[in-house]
Protein chains: 2
Amino acid sequence: MHFNIIDVAEKAGVSIATVSRVINGSDKVRTETRELVMAVVEKLQYVPNPSARGLILKRTEAIGLLLPDLHGEFFSEIIRGADNAVQSQGYHLIVSSSHNDPKEIEAALRFMRGRVDALIVMSPRVDSEILLANLPKSLPVVLLNCRTSNPHFDTIMTDGFGGAKEMTNYLLDLGHKQIAVITGSQSNIESQERLRGYRTAFTIRGMVPNKSIEFEGNFTQMSGYESVKEIFKLKNIPTAIFAFNDSMAIGAIKAIREEGYKIPSDISVCGFDDTPMAKYISPSLTSVHVPIPELGEMAIKRVFDRLQKRTKGAAAHIFVPTSLSIRNSCKKIMDVDISKREEVFNK
Amino acid sequence: MHFNIIDVAEKAGVSIATVSRVINGSDKVRTETRELVMAVVEKLQYVPNPSARGLILKRTEAIGLLLPDLHGEFFSEIIRGADNAVQSQGYHLIVSSSHNDPKEIEAALRFMRGRVDALIVMSPRVDSEILLANLPKSLPVVLLNCRTSNPHFDTIMTDGFGGAKEMTNYLLDLGHKQIAVITGSQSNIESQERLRGYRTAFTIRGMVPNKSIEFEGNFTQMSGYESVKEIFKLKNIPTAIFAFNDSMAIGAIKAIREEGYKIPSDISVCGFDDTPMAKYISPSLTSVHVPIPELGEMAIKRVFDRLQKRTKGAAAHIFVPTSLSIRNSCKKIMDVDISKREEVFNK
DNA sequence: GGAAATAATGTAAACGTTTACATTTCTGGT
DNA sequence: ACCAGAAATGTAAACGTTTACATTATTTCC
């Protein structure tokens, strides 16, 4: 039961061209007629049909945001940052999430084609390289934390390597030597980067990271919890646990306490991402700070730059630095403590 | 640089009608020609233009989801449930969030018009009644936790009243009498419902709720934290604190500990929503369980029923019950304890 | 007052589909 | 071999806009 431009034109006694001009604000149309038309528009509650508009204009005023399965606060913070940024430009966000395997992403991508003016893709799986290869090159695309050898796309990457290295260094400086990690899924490139950073921190000091205390999680609280249960089967309990996101750190903390250990006095724990939650749990969580909403915001900004041709030329590769948010979940190790549990795993 | 149906038709040596028929799977077209066409489609990577399609078909295969500002895990869980449900039907979700004031919602609504086949609206502000009144009645709309006197729309409401009442009862049964609440924004109808439930639990027992220990938060961790700081300025510290969502409960816990009190032995704390986080923090949080992803799922199901005309007739008003997830953050009050702090505020 | 310039408005094509209806091509029965 | 009927394919209108270009109305200037 919607009116179209013809209805408006008839009721106002003008041509559809005039109505169109009024609607689009542009051009010179007599104030008198403009007001007349606007009155009719108002009365009829006329809203231009976006399909018809999109068909001829070839733009939709929407930006597509492709996310993997969303757990925890991370992705909603991304959405928040992105949505705020698009709205300031009168654009809108089309979010498609909850797909991890390339097949689903492809379906989502097909859906997006023609419905959005630009695309922000977050596909952290290693095997999505192929997929990323044949992303539509007809629209601006920004890759968020994706690995690709294709230099054609703008990318934004957080420094997972540097962040993990810094955190590991921090723990080493506190005197920890047996630092277990709980990683994300093996096929997740962010997790890979963080693992690389973790290991590098050791090797830089001439130590060798102990691969037997690297546990694979999947970024959920439960996987953090379960990994710790595994950790406690070890002969020598590590003195610190580095979870590769905050959710797993929280799961880890629960498990550690169930085993009767205190944090940080018995075991230090830290996370990654520094989600809003981190500073509120107890002990407040030491974490690698990632500017999450800003990530979404930056991606949107980039996309608008492309859209408005402010930025032409080669793809940009933005590297977002991380920092340490040091709180109360990690503690300098007591020599006494170590002696009870230390194992000679480094020279 | 995209091909259209005409390109495909030409390359395949058939008419566009035939191509269309092949694309849409329907109708009788010779297997031979079908394969021929499909081959061309494949080669040209042809994807039908959704605008053109939407224009003539008047459907978009997208469902709009309108959310308020998203904080914490609640809304991302809603999205998760909804997205999973739409994907199983080959549909997609257009999420628009981060707007609280009616003006913004209206803009989002205008944007949605013509872009979606149905709408799910979550607008928990009291003053959005007007807005809800002139929601498009040309499409199926499901209202999620919205108050409206308009019986025209399908609604899904969680039983905030019942949940809060039950939780308050539980606390009263544990012997608590001074139960502070930290509410959401005053203008939030869910918060109002919960408050009503809280008060009712008292009055049912012939007690009168102490309004001076009702604190207004805004569903963020920080507001929970700050409310507790206020609470500790009181002469008589309540023995229990009931936060109207889990995020605020977490903020509250932090503040309580900073004041040197233990949970639950000194003060009991409970939340609302039972987000995934709740069972992992420590002490694990007693909370009113709300089936969050299921809420999104139900809304989508309802919308599809309408879309496929399986459900005609009057609007349905679904009432989603809540339940108590009892964990370790609340404790039976010791008589000794109360005596130290009790105030005669009920008969 | 009237030509020239300018401003306002109108006309019609185009965007890329779907589908009712028209046409062509097959099939099988005589 | 031919025809009826069925099956496959094609033609063209329709969906609701925008906009180049054409037309008409208004102003400006002598």
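Labels below follow one simple rule: chain letters A, B, ... track the order of the sequence lines, proteins then strands, and each chain is numbered from 1.
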A/A17 or B/A17: which one's nearest nucleotide on DNA chain D is closer to the 5' end?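 Its nucleotide being nearer the 5' end, the pick is B/A17.
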By nearest nucleotide on DNA chain D, pick out whichever of A/I5 and B/V14 is the more 5' one.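 The residue closer to the strand's 5' end, by nearest nucleotide, is B/V14.
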In whole angstrom, what separates [X]'s [atom1] from [N]'s [atom2]?
X      : N      : atom1 : atom2 : result
A/Y46  : D/dT18 : OH    : P     : 6 Å
A/I16  : D/dT18 : CD1   : C1'   : 9 Å
B/H2   : C/dT17 : NE2   : P     : 11 Å
A/E10  : D/dT17 : CD    : P     : 13 Å
B/R113 : D/dG16 : CZ    : C1'   : 13 Å
B/N24  : C/dT17 : CG    : P     : 11 Å
A/I6   : D/dT18 : CD1   : C1'   : 13 Å
B/D7   : C/dC15 : CG    : P     : 11 Å

With a 4.0 Å cutoff (strictly under), does any side-chain N or O of [X] reach OP1 or OP2 of [N]?
X     : N      : value
B/N4  : C/dT17 : no
A/S51 : D/dG16 : no
A/T18 : C/dA8  : no
B/N49 : C/dG16 : no
B/T33 : D/dT9  : yes

What orientation do A/F111 and B/H92 show, parallel under 30°, tilted 30 to 60°, or perpendicular over 60°?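 Because their plane-to-plane angle is under 30°, the rings of A/F111 and B/H92 count as parallel.
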Distances for protein N or O near nucleotides 24-26 of chain D N or O, under 3.5 Å:
none

Scan side-chain atoms only and decide if A/R113 and B/H2 contain a donor-acceptor pair under the 3.5 Å cut-off.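 A/R113 vs B/H2: donor-acceptor pair found between side chains.
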Strictly by modelled atom types, are A/N218 and A/S185 linked by a side-chain donor-acceptor pair under 3.5 Å?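 No.
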Show the numbers, then the answer: is there a ring-ring contact (aromatic ring centres under 6.0 Å, His included) between A/F304 and A/Y91? CA-CA 10 Å; A/F304 278 125; A/Y91 268 61; 5.0 Å; yes
Might you confirm whether atom CD of A/E32 has over 12 heavy atoms from other residues, nucleotides or ligands at distances under 6.0 Å?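 No, not enclosed.
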Determine whether more than 12 heavy atoms belonging to other residues, nucleotides or ligands lie under 6.0 Å from atom CD of B/Q308.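 Yes, the 6.0 Å shell around CD holds more than 12 heavy atoms from other groups.
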Is A/N145 reaching over with its side chain to a backbone N or O of A/T158, donor-acceptor style, under 3.5 angstrom?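 Such a contact is found between A/N145 side chain and A/T158 backbone.
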Starting at CD1 of B/I94, measure out to CZ of A/R115 and round the result to the nearest 0.5 Å.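 Taking CD1 in B/I94 and CZ in A/R115, the distance rounds to 7.5 Å.
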Measure the OH-NZ distance between B/Y46 and B/K11 for me, rounded to the nearest 0.5 Å.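 Rounded to the nearest 0.5 Å, the OH-NZ separation comes to 14.0 Å.
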When you measure from every atom of DNA chain C, which of residues 52-59 of chain B have a heavy atom less than 4.0 Å away?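 Nucleic-acid contacts, sorted: B/A52, B/R53, B/L55, B/I56, B/L57.
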Does the side chain to side chain contact (heavy atoms under 4.5 Å, CB included) test come out yes or no for B/V14 and B/V19, once each step is laid out? CA-CA 7 Å; B/V14 299; B/V19 176; 3.8 Å; yes
